[in-house]
Trainee: 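First the structure, which I've put down as structure tokens, then a few questions once you've had a look.
Residue indices begin at 1 and follow the sequence shown.
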Amino acid sequence: MTIDGYGVSARLYDLVVEPLNPPLREAARRFHPVSPGSTVLDLGCGTGACLAEYRDSGCSVIGADPSPAMLQQARSRLGPEVDVQLIEGDVVPFDDDCADLVIVSLVLHSVDRATGVRLLREAARVLSPGGTILVTDFGTDDLRFPRGWLTRGLTAFLELAAGPRHFLHGVAYLRAGGIRSLATAAGLAVTATRPTAGGSVVIAALRPPGANPPERGAGATRLQG
């Protein structure tokens, strides 16, 4: 039997946490726009708010999450026509090469390093040739005063409220070097990054080595914002 750590918080997530997320999602969409008709897969889709925005912009959307309670909220928001699946174990429940854009938002800091590496490798497996993995998560540099420090303090409070294990995973994620370190361990290349929320959060575009570079130019690009 699977124990769902979000069984209670799923009902409160949209009231307590979700109001903080729209600016981050908007920044991610500006950083890496996708064309209508693209297939977007959200790994760790939560209650489905991100998928709803991509669907409303004309994309085909699918999602997966390890929490049955979160998926129940997502299905209520998105309706039966959107395919959202439960992640069980280490395998994402979708076929190879099925998505033009794979989103991993505010997930990697909340799991242990081995799980984060496996999730990124699965993201690469389901990514279509030429596609991008778009990660939004805690930043590890350029923390600017006052916004960055205030945001980091608020997120630390929320992480503690989620439980000591969740909090310690976040600390370990930052100490290990954040997304760059995790991407390297997963065999992926970081092609572009953008700090946001005063540097407390970073948006990063990832691709498998040898994949075609982003249209903004070959190699890693660092954008301020």
Trainee: Run through Gln73, Gln72, Arg77, Arg75 and flag the one making a side chain to side chain donor-acceptor pair (under 3.5 Å) with Thr47.
Mentor: Arg77
Trainee: Contact between Thr193 and Phe31 at the side-chain level, heavy atoms closer than 4.5 Å - yes or no?
Mentor: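 Of all side-chain heavy-atom pairs linking Phe31 with Thr193, none is under 4.5 Å.
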Trainee: Could you see if Val126 belongs to whatever hydrophobic cluster contains Leu182? Use Ile, Leu, Val, Met, Phe, Trp, Tyr and a side-chain cutoff under 4.5 Å.
Mentor: yes
Trainee: Between Cys45 and Asp65, which heavy-atom pair has the shortest distance, and what is it?
Mentor: N-OD2, 3.3 Å
Trainee: Is there a side-chain hydrogen bond (donor to acceptor under 3.5 Å, both in side chains) between Ser105 and Arg25 once you walk through the steps?
Mentor: CA-CA 9 Å; Ser105 182; Arg25 293 198 296 266; over 6 Å; no
Trainee: Work out which heavy atom in Val107 is nearest to a heavy atom in Asp137; give both atom names and the distance.
Mentor: N-OD2, 3.3 Å
Trainee: Starting at OG1 of Thr191, measure out to CZ of Arg207 and round the result to the nearest 0.5 Å.
Mentor: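 Rounded to the nearest 0.5 Å, the OG1-CZ separation comes out at 6.0 Å.
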Trainee: Looking only at heavy atoms, which two atoms of Ile87 and Ala64 are closest? And how far apart?
Mentor: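 Reported closest heavy-atom pair: CG1-CB, 3.5 Å.
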Trainee: To the nearest 0.5 angstrom, please state how far the CD atom of Glu26 sits from the CD atom of Glu53.
Mentor: 8.5 Å
Trainee: For Arg125, which residues count as a side chain to side chain contact (heavy atoms under 4.5 Å, CB included) partner, sequence neighbours excluded?
Mentor: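 Listed in chain order: Val91, Val92, Asp96, Glu122.
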Trainee: Please say yes or no: joined through hydrophobic side-chain contacts below 4.5 Å, possibly via intermediate residues, are Val117 and Val104 part of one cluster?
Mentor: yes
Trainee: Closest approach of Asp42 and Ile103, non-hydrogen atoms and distance?
Mentor: OD1-O, 3.4 Å
Trainee: Going by an N to O cut-off under 4.0 Å, is there a salt bridge joining Glu81 and Arg55?
Mentor: yes
Trainee: How long is the gap from CD1 on Ile133 to CG on Leu188, to the nearest 0.5 Å?
Mentor: 5.0 Å
Trainee: Determine yes or no for a side-chain-to-main-chain donor-acceptor pair under 3.5 angstrom, with Asp95 supplying the side chain and Cys98 the backbone.
Mentor: no
Trainee: Once rounded to the nearest 0.5 Å, what's the spacing between atom CD1 of Ile62 and atom OH of Tyr54?
Mentor: 13.5 Å
Trainee: Looking only at heavy atoms, what is the nearest atom pair of Gln85 and Pro93, with distance?
Mentor: CB-CG, 3.4 Å
Trainee: Under the 3.5 angstrom rule, does the side chain of Thr196 hit a backbone N or O of Val201 as a donor-acceptor pair?
Mentor: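 Not at all, since once roles are kept as given, no pair shorter than 3.5 Å links the two residues.
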Trainee: In the single-linkage hydrophobic clustering (I, L, V, M, F, W, Y; side-chain heavy atoms under 4.5 Å), do Val111 and Leu174 co-cluster?
Mentor: no
Trainee: Measure from the side-chain N and O atoms of Ser181 to the backbone N and O of Ala176, and report whether any donor-acceptor pair falls under 3.5 Å.
Mentor: yes
Trainee: Out of curiosity, does Leu119 fall in the hydrophobic cluster containing Val102 (side-chain heavy atoms, cut-off under 4.5 Å, transitive links)?
Mentor: yes
Trainee: For Gly63 and Leu51, which heavy atoms make the closest approach, and how far apart are they?
Mentor: CA-CD1, 3.8 Å
Trainee: In Å and rounded to the nearest 0.5 Å, what is the CG to CG distance from Leu41 to Leu134?
Mentor: 12.0 Å
Trainee: Are side-chain heavy atoms of Leu206 and Leu120 found at a separation under 4.5 Å?
Mentor: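 Side chain of Leu206 against side chain of Leu120, heavy atoms only: contact under 4.5 Å found.
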Trainee: Would you compute the distance between atom CG of Asp112 and atom OH of Tyr173 and round it to the nearest 0.5 angstrom?
Mentor: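 One finds 13.5 Å between CG of Asp112 and OH of Tyr173.
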Trainee: Quick one: does Ser128's side chain have a donor or acceptor within less than 3.5 Å of a partner on Gly131's backbone?
Mentor: no
Trainee: Is any side-chain heavy atom of Ile203 closer than 4.5 Å to a side-chain heavy atom of Leu24?
Mentor: no
Trainee: Between Thr184 and Arg180 (side chain of the first, backbone of the second, donor and acceptor by atom type, cut-off under 3.5 Å), is there such a pair?
Mentor: yes
Trainee: Going by the angle between their ring planes, with limits at 30° and 60°, are His109 and Phe138 parallel, tilted or perpendicular?
Mentor: parallel
